[in-house]
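Read the structure below first, then the notes.
Quick note on labels: first sequence line is chain A, next is B, and so on, each numbered from 1.
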Amino acid sequence: MTKMMYRDAVRNTIFQEMQRDPNVVVLGEDVVGGMGTAGGPEAIGGIWSTSGGFYEAFGPDRVIDTPISESAIVGAAGGLALSGKRPIAELMFADFIGVSLDQIWNQIAKFRYMFGGKTKCPAIIRLIYGAGYNAAAQHSQSPHAILTGMPGLKVVMPSTPADVAGMMRQAIRDDDPVIFMEHKALYGVQGEVPDDPDFVVPFGHARLTRAGQDVTILATGMMVGMAEAAADTLAEDGIGADVIDLRSTSPLDEEAILDSVEVTGRLVIVDEAPPRCSLATDLAALVANKAFASLRAPIEMVTAPHTPIPFARELESAYLPNPDKIEAAVRKALAYN
Amino acid sequence: MQLNRTDLLEAYRRMKIIRDFEDFLHDEIAKGEIAGFTHLYAGQEAVAVGVCEHLSDDDKIVSTHRGHGHCLAKGCDVEGMMKEIWGSREGLCKGKGGSMHIADVDKGMLGANGIVGAGAPIAVGAALAAKLDGKGNVAIAFSGDGACNQGTTFEAMNMAVVTKAPAIFVFENNHYSEHTGFEYAVGTDKDIASRAEAFGMKVWRADGTDFSSVHDTMREVLEYVRAGNGPAAVEFDTERFYGHFEGDPQRYRGKGELDRIRAERDCIKKFRETVTEAKLLEGSDLDKIDAEVASQIEQAVAAARAADRPTAEDVLADVYIDY
Ligand SMILES: Cc1ncc(C[n+]2csc(CCOP(=O)(O)OP(=O)(O)O)c2C)c(N)n1
Ligand SMILES: [Mg+2]
């Protein structure tokens with residue numbers, strides 16, 4: 001095991017896989033930085049420092065610094081993937097999928113199906129997402145729901161450095177297109193990462209991070225830490241919660257969710273995105289449909305409101321879920337009988 | 001054409017307001033008081049002011065992530081902007097938008113924009129509306145050397161040509177998009193105007209650090225576009241004095257580059273030298289404006305600090321007109 005930050009788990013895993021497989025290429029804006037300047041290529045690797053040293057190690061054909069052209073970046077990843085490469089495209093902010101949506105939605109996601117299963121498209125689109133920086137309406141969003149709803153895409157949302165490493169390696173070796181969502185507020189989080197160069201976390205396997213008998217809490221990304229904080233407070237009152245980090249939303253570990261709800265009978269879903277047509281409503285529908293008889297209270301959802309993301313500090317913190325809101329939702333579910 | 005004394009004083013005041021606004025913010029951001037991402041416009045003032053001095057509230061502009069200068073030049077309220085950047089509910093956008101989304105549609109300012117390349121298509125729409133209204137108004141898209149690589153910008157230029165929209169594409173080439181050099185990222189002979197030309201537009205090029213050059217160029221451009229000749233484009237060569245965003249270590253700069261551009265390419269310094277040497281204005285006229293502007297900005301900062309904070313209920317307001 002090696003202790004490292006979430007952002008270094010991204011960087012180090014991609015670096016190792018690039019050493020192992022010459023077909024892995026990286027592309028995006030400022031993934032090198034300093035191209036065409038007096039200062040020259042930068043060693044830090046992009047504004048998130050997740051591609052440091054790549055250019056020096058692998059050169060311009062495998063580490064492609066692009067102009068500001070998200071449509072072309074994502075589309076090129078599709079073309080690279082159809083041509084035997086394993087591209088990792090970075091969108092500096094997940095919000096910029098808006099610019100490139102056709103290439104994700106109408107192209108990459110459905111090549112395989114439209115072509116009768118005769119091809120594969122092993123492209124990775126890295127999306128740096130999430131709120132917490134007061135970056136306002138166009139730099140803070142969590143667009144996992146719309147992507148999860150697109151057949152053909154795998155969508156993963158690791159919350160720890162170990163999961164980043166295992167899921168990034170899985171994504172690179174996976175033959176399907178993968179949306180790899182990195183929460184910007186987790187980049188500085190430290191954790192132990194296995195040293196095994198073949199360590200992978202297979203998709204569709206949730207992780208139980210707290211165990212309890214009274215309530216099930218589902219979360220992803222930055223919401224996992226908040227759910228754990230709420231569970232720890234509740235534990236002091238003798239209330240036991242299963243906290244389940246879904247890790248991937250497509251494929252989804254239905255079994256882990258249903259097994260837990262069958263024991264607890266109460267469900268709280270935490271989602272950073274707005275509530276309509278969301279991950280939260282999707283999970284609620286799943287449980288209502290497949291574990292109805294186990295439910296002993298209405299399903300509670302702790303989500304953002306149906307608004308864009310506001311700028312001011314007070315507004316953004318009111319917008320976001322937090323441990324207090326989760327705790328209140330759990331108590332509400334427990335009070336129902 | 002030589003501007004009269006009043007216009008020169010006004011132009012200087014506007015440029016100085018932008019410079020002081022940004023210098024103040026630079027210091028405040030370092031103290032950690034201001035949330036979010038802020039991109040400062042200092043160094044490029046002559047472009048915003050040289051363009052917007054020709055416009056009325058019925059002419060529209062669409063701005064970028066580096067929008068403070070465009071907003072101030074178009075007449076957005078200094079204090080309202082400062083309060084917005086502080087996230088106050090008294091801010092121009094009630095604390096909802098912040099630095100990257102300042103807008104004042106009544107002033108013809110259709111918004112700063114967090115999405116690089118989003119502005120040009122919006123400007124085409126505003127220009128088509130102006131064409132429908134038939135009063136000779138125009139819409140201007142400000143874009144950087146980075147934004148000129150976005151497909152949206154290309155589409156907007158072609159559509160403006162095809163529809164003969166009274167749109168003006170103002171490209172502010174400050175040689176960098178974030179950490180990347182213009183030399184690397186722009187293919188066409190390192191010349192943005194030639195791209196616009198290839199779409200069939202009439203184009204101009206000028207030194208964006210020279211106020212009178214910007215102002216004179218824009219007079220010609222506006223005459224041409226207001227006369228119904230369709231869209232046009234201008235490329236201004238300019239400099240940004242601060243990092244891409246606040247906190248940027250600017251490793252991409254050459255040795256001594258910042259000192260050199262501050263010494264040789266400062267549009268405000270150059271303006272002062274030109275007008276005083278030509279005896280159009282006295283140094284004391286300008287000193288007086290300096291003092292007035294400094295206290296205006298200080299007051300705006302004090303007002304922003306003291307302004308009402310938004311509350312949790314405010315989150316839900318203004319998603320729809322009525323729901
Ligand atoms: C669609 C999109 N892609 C990328 C970014 C991130 N970004 C913000 S500003 C910027 C550079 C813009 O460069 P330029 O157009 O030259 O404007 P300047 O910053 O020089 O004013 C980038 C890449 C963004 N905000 N939107
Ligand atoms: Mg630029």
Please assess B:His68 against B:Ser99 for the test side chain to side chain donor-acceptor pair (under 3.5 Å), listing each intermediate value before the final yes or no. CA-CA 7 Å; B:His68 302 170; B:Ser99 167; 2.7 Å; yes
Is it the side chain or the backbone of B:Asn113 that comes within 4.5 Å of chain A heavy atoms, both, or neither? both
Exercise: do B:Tyr252 and A:Glu42 side chains pair donor with acceptor under 3.5 Å: no
Verify, without hydrogens or angle tests, whether B:Asp189 (side chain) and B:Asp191 (backbone) share a donor-acceptor contact under 3.5 angstrom. no
Kindly say whether A:Asn134 contributes a backbone atom to a donor-acceptor pair with the side chain of A:Glu316 at under 3.5 angstrom? yes
Among residues 26-38 of chain A, those lying within the under-4.5 Å heavy-atom range of chain B are A:Asp30, A:Gly33, A:Gly34, A:Met35, A:Gly36, A:Thr37, A:Ala38
With a 4.5 angstrom heavy-atom cut-off, is it the side chain or the backbone of B:Lys255 that approaches chain A, or both, or neither? neither
With no hydrogens and no angle check, just 3.5 Å: does a side-chain donor-acceptor pair link A:Asp95 and A:Gln138? no
State plainly whether the residues B:Arg66 and B:Glu172 are in salt-bridge range, i.e. N to O under 4.0 Å. no
Looking only at the side chains, is there a donor atom on one of A:Asp102 and A:Asn106 sitting less than 3.5 Å from an acceptor on the other? yes
For chain B, which residues from residues 48-57 of chain A have at least one heavy atom closer than 4.5 Å to it? none
What option among B:Glu183, B:Lys96, B:Lys94 has the most heavy-atom pairs under 4.5 Å with chain A? B:Lys96
Region of B:Arg251 that comes under 4.5 Å of a non-hydrogen atom in chain A: both
Using 4.0 Å as the upper bound for N to carboxylate O, is an ion pair formed by B:Arg260 and B:Glu257? no
The reported gap from CD1 in B:Ile102 to CE in B:Met82 (rounded to nearest 0.5 angstrom) is 9.5 Å
May I ask you to decide whether B:Asp248 forms a salt bridge with B:Arg253, counting only side-chain N to carboxylate O separations under 4.0 Å? no
In terms of heavy-atom contacts, A:Pro321 and A:Val302 come closest through CB-CG1, 3.8 Å
Could you look at B:Thr153 and say if it's the side chain, the backbone, both or neither that has a heavy atom under 4.5 Å from chain A? neither
Looking at B:Tyr242, is B:Arg262 sitting on its ring face, NZ or CZ under 6.0 Å from the six-membered ring centre and within 45 degrees of the normal? yes
